Amino acid sequence: MSRQIPRYHAARWDEPVITAMGQSGRRGLMFDDAPEADGLVPAALRRAKPPELPELSEPEVFRHYLHLAQMTLGMQGVSLFGTCTMKYNAPVSEAIAWRPDMAETHPAQPDETLQGSLGFIHRLDQMLRALSGMDQFVFQPGGGADAAYTHCAVTRAWLKARGELGKRDEIITSIQAHPCNPATAAAAGFKVITLTLEKNGYPSLEQLKSVVSDRTAALMIGNPDDMGIYNPDIKEWVRIVHEAGGLCFYDHANFNGVMSRLKARELGFDACMYMLHKTFGAPKGGNGPSVGAYGCSAELAPFLPAPVVVQGADGYRLDYDRPQSCGKIREYFGNAQQVMKAYAWTAAMGAEGIAEAADLSVLANNYMDARLARIRGLARSHPEITVPRMEMTRWSMEPLRQETGVSVLDVQRRMTDFGIDAFWLSHEPWLVPEPFTPEAGEMWSREDIDRWIDVLETVVEEAYADPQTVISSPHRQAIHKLDGAHLNDPARFATTMRRQRKASGAGGRD
Ligand SMILES: Cc1ncc(COP(=O)(O)O)c(C=O)c1O
């Protein structure tokens, strides 16, 4: 089989930042005088002088952003960005989100004028209930970590109602759980107990038993974890924590490989979260906007953040009357457009499509595993575990680094020279040295996956033959290797133009 190596070179423009462009007096659009006189803006709040905005014509603005897009988005390669379940975001969903009856509504409008939005929020809630076995979902959290925080807030409210707040003050998690689990537990005032991994790739039941007590508030755990390892003892874990009087929260960010194959509630969990911007096809790129769907049992439902969308005899309404609610996690009912896109994805897939997608994602990963295992310099994490992984596998380039000096970050950069998106490594701390975690999900074709692996194999061979080419990459991108040191140096980084001007000695106010 001959390798499929794409030829690629990014566009490169000498493009100044927009504030350094244009000419005084040049305009794209002419507006009537600003309606200052009508008193809309109180005098004390008005600017003394106009803002220093760049002055450009419309074609200049268009050309500038096109050039930037060519340099940054021109690649649109194959992204096997593991632990993130990258999905195709259908333009039809975008088109619906832009309709005025979506885009120009406000959640504070009377409920009877929001029936469309509330209706699909309710219907997605029903669909997620069917997938998880939970009794109620809310979409207020602004991402997966926010949903983990929601669980901590719900746990506090639940403990308070039982008179146990302050007594049960420990949350148990594992070193391999996503860092947002211990972080949100700590942010909500809990003491965090972190279990370590043992020979199977997860903590043992004995370890869990040794830490549960009458101080246990909750377990927060994901399964499969980011290494693609599924803990088969999970039901027993839940039983042990329940016996000690704590709640169990399932971080279902890695849901893709087990969609419709298991239900969190049937495993005994009291609550779970899904990420609509991962598994359910809402956009993820560019870091958002994201939604963490938080679902729980009927026992915990009174403690959910308000408002909750409910269906009554007269249609849908926002229920704010929830005296035991943990309060707000975000405004109103969350990002309705993202919920709509996830609803569109879920409805389009249907129950059969979702089950098939789960199987395809596991199949794709195990196909990749078989090919990656034949490439020298690579090692599967926990090589002693021979059972197949789920929808992703954490791999290591430690042998490659030892033999050639080329690191996983060097390989990642060099692959972009062939039009392949940077892959995901692993959260810090790197428990697996030189880690990388590709995840294909169900959306990439076999040719895409083969092309991705062909490029990886080519770069690894290059590392053995000519390591410097890989170490000094990228060579075919708009910019070359960056020195990231200034990102950790407050004296040098700038998050605004004003700060940049000041840092570079060009003056300006802070
Ligand atoms: C397992 C797991 N849990 C939680 C999160 C946090 O989600 P978010 O980035 O939306 O806050 C992630 C993010 O990738 C994750 O992989």
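Numbering starts at 1 and runs along the sequence shown. In this text the structure is predicted, and so the values were computed from the model without any measurement.
Remark: Phe120 pairs with no residue by the ring pair (Phe, Tyr, Trp, His ring centres under 6.0 Å) rule, at least two apart or across chains. By the salt bridge (Lys or Arg N to Asp or Glu O under 4.0 Å) test, Asp225 is found to be paired with no residue, residues two or more places apart in sequence or in another chain being considered. In terms of the side-chain contact (heavy atoms from CB on, under 4.5 Å) criterion, residue partners of Ala253 (sequence neighbours excluded) are, by chain and number, Asp251, Met273, Met275, Lys278. Judged as a salt bridge (Lys or Arg N to Asp or Glu O under 4.0 Å), and not counting sequence neighbours, the contacts of Asp101 are Arg99. Under the ring pair (Phe, Tyr, Trp, His ring centres under 6.0 Å) criterion, Phe280 pairs with Tyr274, Trp345, not counting sequence neighbours. Not counting sequence neighbours, the partners of Ala422 by the side-chain contact (heavy atoms from CB on, under 4.5 Å) test are Gln412. With sequence neighbours excluded, the residues satisfying side-chain contact (heavy atoms from CB on, under 4.5 Å) with Met390 are Pro224, Tyr230, Val258. Under the side chain to side chain donor-acceptor pair (under 3.5 Å) criterion, Gln402 pairs with Glu398, sequence neighbours left out. Remark: Asn366 engages Val362, Asp369, Pro388 in a side-chain contact (heavy atoms from CB on, under 4.5 Å) (not counting sequence neighbours). Evaluation of the ring pair (Phe, Tyr, Trp, His ring centres under 6.0 Å) rule for Phe249 yields His151 as partners, not counting sequence neighbours. Partners of His382 according to the ring pair (Phe, Tyr, Trp, His ring centres under 6.0 Å) rule, which considers only residues two or more places apart in sequence or in another chain, do not exist here.
Using a cut-off of 4.0 Å between Lys/Arg side-chain N and Asp/Glu carboxylate O, Glu457 and Arg374 are scored as not salt-bridged. Ionic pairing of Arg401 and Asp410 is not present here: no N-O contact between side-chain nitrogen and carboxylate oxygen is shorter than 4.0 angstrom.
Judged by distance alone, the side chain of Thr194 and the main-chain N or O of Ile175 form no donor-acceptor pair under 3.5 Å. With Ser381 contributing its side chain and Arg394 its backbone, the two residues share a donor-acceptor pair below 3.5 Å.
Among pairs with a residue in residues 75-94, those fulfilling salt bridge (charged side-chain N to carboxylate O under 4.0 Å, His left out) read Lys87-Glu442, Glu94-Lys341, at least two apart in sequence or across chains.
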Intermediate values then yes/no, side chain to side chain contact (heavy atoms under 4.5 Å, CB included), Val408 and Leu425: CA-CA 8 Å; Val408 70; Leu425 305 168; 3.7 Å; yes
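Counted within 6.0 Å of CD on Glu428, heavy atoms from surrounding residues, nucleotides or ligands total more than 12; the atom is thus considered enclosed.
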